[in-house]
Amino acid sequence: MQWRDQGTLIEIVPPKEFSFRECLVFLGRSNQEVLHRIQNQQLFKLVKIMNELILLKIGWKNHRMTIEFPMGEPTWLIKEEVVHYICNWFDLERDLSGFYEMASKDTVLQSLITKYDGLRIIGIPDLFEALTWAIMGQQINLSFAYTLKKRFVEHFGEKIDIEGDTFWLYPTFEAIALLEVDALRKLQFTTRKAEYVIGTARAIATGKLSKQLLIELDAELQQEVLVNIKGIGPWTAHYVMMKCLLTQSAFPMTDVGLHLALKAQLGLDVKPDLDEIKKMASNWSGWEAYATFYLWRSLYE
DNA sequence: GTCCAGGATACTG
DNA sequence: CAGTATCATGGA
């Protein structure tokens, strides 16, 4: 990844297919989001690196991604980690030419790659966040899922106040591993969701599960390990593979959002069934995660 | 009031 | 095994 340290500013040279504006559309899809903020085409995000809170102000200028540090210039080591984080978050190191080539010949994806040209998967680099956010989203509408997440973050996350704005960090697995079900029931988690979230935190806390461990496995084994955890089914496993492990072939094919997007794109009266979806997806082989992400994007016009 | 949301699990025949 | 009840709440 090519980047330049300009002191109080970092510039990242973006990959060929990249649109910061498109990525912002996806990031701005919910006004209930508490983990980042968008103002005047600038993205604000609080991260913790080497035990230090760092506020990032991410923008776009002269064909470069720019990172500024409103809380002051960090050390070079931290800057390096910041660049690594941004690459992970925006999936900057992936060569998308294969996806665009396949999609240009695909009846479903064809129009999407033109409309959303340069969109990349916006990931969730933290495994605990990816897993538990997915669990919160099971079976309920996204709006309520965001309500749950907001309560979860504001009860158990760390925050910092800067010039009247509050920025939050997602709760750590260490903190959540110590909770009992009651603590989350109070936030209107179902008993099961509370158990799943705490169980996941404990699985990570005991070292049974880690991003490092998963990232070294192929897609099939990743799914196997994830599904082994209580509360993680195929949908959640593939969601996490897609958003955290950046597995190209991850494919949450039972996802309701995917079904609704396909229904709209194809002008169907009812949602497509799994056989129809598998048939369409056979053409996406190796790029299922990007196909899914572009379809999700089509839901946020 | 009814139905469905970015599902997973335990139970039943 | 495949089908079914259950979870719990909000929004259309």
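Letters A, B, ... are given to chains in the order of the sequence lines, protein chains preceding strands, and every chain is numbered from 1. As a basis for the values below, the full set of heavy atoms in this structure was taken, side chains included, without hydrogen atoms, waters or symmetry mates.
Rounded to whole Å, atom P of B:dC4 lies 12 Å from atom CG of A:L260. Distance CD (A:E195) to C1' (B:dT9): 11 Å, rounded to an integer number of Å. Taking atom NE2 of residue A:H259 and atom P of nucleotide B:dA5, one finds them 10 Å apart after rounding to whole Å. With rounding to whole Å, A:L258 atom CG is found 15 Å from B:dA5 atom C1'. Here the C1' atom of nucleotide B:dC3 and the NZ atom of A:K271 are 11 Å apart, to the nearest Å. Rounded to a whole Å, the CD1 atom of A:I135 is 18 Å from the C1' atom of B:dA5. If you measure from atom CG of A:L131 to atom P of B:dA8, you get 12 Å, rounded to the nearest angstrom. One interatomic measurement links the two molecules: CG of A:N141 to C1' of B:dC3, which rounds to 12 Å at whole-angstrom precision.
Shortest non-hydrogen contact noted between A:K193 and A:Q138 is NZ-O, 2.8 Å.
In this structure, the ring of A:F156 has its center no less than 6.0 angstrom from the ring center of A:W168. Aromatic pair A:F26/A:F293: centroids less than 6.0 angstrom apart.
When only modelled atom types and interatomic distance are considered, A:Q32 and A:T147 share a side-chain donor-acceptor pair under 3.5 Å.
Placement of A:W76 and A:L56 within a single hydrophobic cluster is found when ILVMFWY residues are connected by side-chain heavy-atom separations under 4.5 Å, directly or transitively.
Nearest-nucleotide positions on DNA chain C place A:T190 closer to the 5' end than the other of A:T190 and A:S143. If you find the closest nucleotide of DNA chain C to A:T147 and to A:Q139, the one lying nearer the 5' end belongs to A:Q139. Comparing A:W296 and A:K230 by the nucleotide of DNA chain B that holds the closest heavy atom to each, the one mapping nearer the 5' end is A:W296.
Within 4.0 Å (heavy atoms only), A:F189 reaches no atom of the nucleic acid at all. Contacts of A:P252 with the nucleic acid, taken as non-hydrogen atoms under 4.0 Å apart, are absent. Within the nucleic acid shown, A:K243 has no heavy atom closer than 4.0 Å to any nucleic acid atom.
Of the side-chain N and O atoms in A:T236, one or more sit less than 4.0 angstrom from OP1 or OP2 of B:dA8.
With A:R120 contributing its side chain and A:E93 its backbone, the two residues share no donor-acceptor pair below 3.5 Å.
Between B:dA10 and C:dA8, the distance separating the two P atoms is 14 Å to the nearest Å.
Ionic pairing of A:E73 and A:K79 is present here: one or more N-O contacts between side-chain nitrogen and carboxylate oxygen are shorter than 4.0 angstrom.
Here chain A contacts DNA chain C (any atom closer than 4.0 Å to a heavy atom, that is under 4.0 Å), and the contacts span C:dT6 to C:dG10 from 5' to 3'.
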